[in-house]
Amino acid sequence: MSHITLIRHGQANTQARDEASYDALSDLGHQQAAWLGAYLRDTGSHYSRIYCGTLTRHIETAASMGCADVVQDPRLNEMEYFTLAEAMRDQHGLPIPQEREGFIDHLPRVFAAWAAGDIADPYESWEAFETRTQQALAEIAEGEGPALVITSGGLISMAMRQSLALNTTAMARLALAVMNTSMHRLFPIGGHFSPVLFNAVPHLDTPERQFAQTHL
């Protein structure tokens, strides 16, 4: 098994309340990605293979990082949170938050309902999201050399759930914590993946860049 470094995409459209509107990097998102790419080059980080999802924000992040020969895989796409939020509103009367603080309570409730099968006819089942995450990362791990995977916070939190056997509440807390362009590393230990890095943003740690440590 090869170790995998997961990267969350750069900041997207923070004003969006639907999937289509959210799927594009902001100017800051492009800058965050450029800083990360420069950091990886300056530190001599080597990745034999680079992957990303097929969402615009994944592709734009890879481009702004300066990545070449990126393999796109739809299994690395984010779950459709806004679609699930709309279903929760329509089926259970749960309002969609309009500010970040509201999502702190909202996201765990959506995850719990989705995992329990309490959302009727979701666009994708919880089990399907679990399965595609596990299968994609397992296949990447079988390749030669370390891999870089540019994806989203929901998939990163699912990967951590699978590595650490977390419940949905803990997974939701991780998802809320994941910063834009943060790095997360899964290392094979005893035939299983173990997290050895979580939410690292060394490219944003200097005082003049700390304003760019964003969650939304």
Using a 3.5 Å distance criterion without hydrogens, assess whether the side chain of [X] forms a donor-acceptor pair with backbone atoms of [Y].
{"X": "Ser64", "Y": "Thr61", "answer": "no"}
{"X": "Gln213", "Y": "Leu204", "answer": "yes"}
{"X": "Gln135", "Y": "Thr133", "answer": "no"}
{"X": "Asn77", "Y": "Gly53", "answer": "no"}
{"X": "Glu144", "Y": "Ser48", "answer": "no"}

Side-chain heavy-atom pair Tyr47, Pro146 within 4.5 angstrom cut-off:
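Side chain of Tyr47 against side chain of Pro146, heavy atoms only: contact under 4.5 Å found.
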Do you know which two heavy atoms are closest between [X] and [Y], and how far apart they sit?
{"X": "Val70", "Y": "Cys67", "value": "CG2-CB, 3.7 Å"}
{"X": "Leu28", "Y": "Ala212", "value": "CD1-CB, 3.9 Å"}
{"X": "Met65", "Y": "Ala33", "value": "CG-O, 3.2 Å"}

Say you draw a straight line from CZ of Arg109 to CG of Leu84; how long is it, rounded to the nearest 0.5 Å?
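So the CZ of Arg109 and the CG of Leu84 are separated by 14.5 Å.
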How about His92: does its NE2 atom have over 12 heavy atoms from other parts shown lying under 6.0 Å from it?
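Yes, because the 6.0 Å sphere around NE2 of His92 holds more than 12 heavy atoms from other groups.
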Matching residue for Arg8 among Val201, Val178, Leu155 - test: side chain to side chain contact (heavy atoms under 4.5 Å, CB included):
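Output: one option passes, namely Val178.
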Test: Arg57 and Glu78 ion pair at under 4.0 Å:
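No salt bridge links Arg57 with Glu78.
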Please step through side chain to side chain donor-acceptor pair (under 3.5 Å) for the pair Thr214 and Asn180, ending with a clear verdict.
CA-CA 6 Å; Thr214 60; Asn180 295 114; 2.6 Å; yes
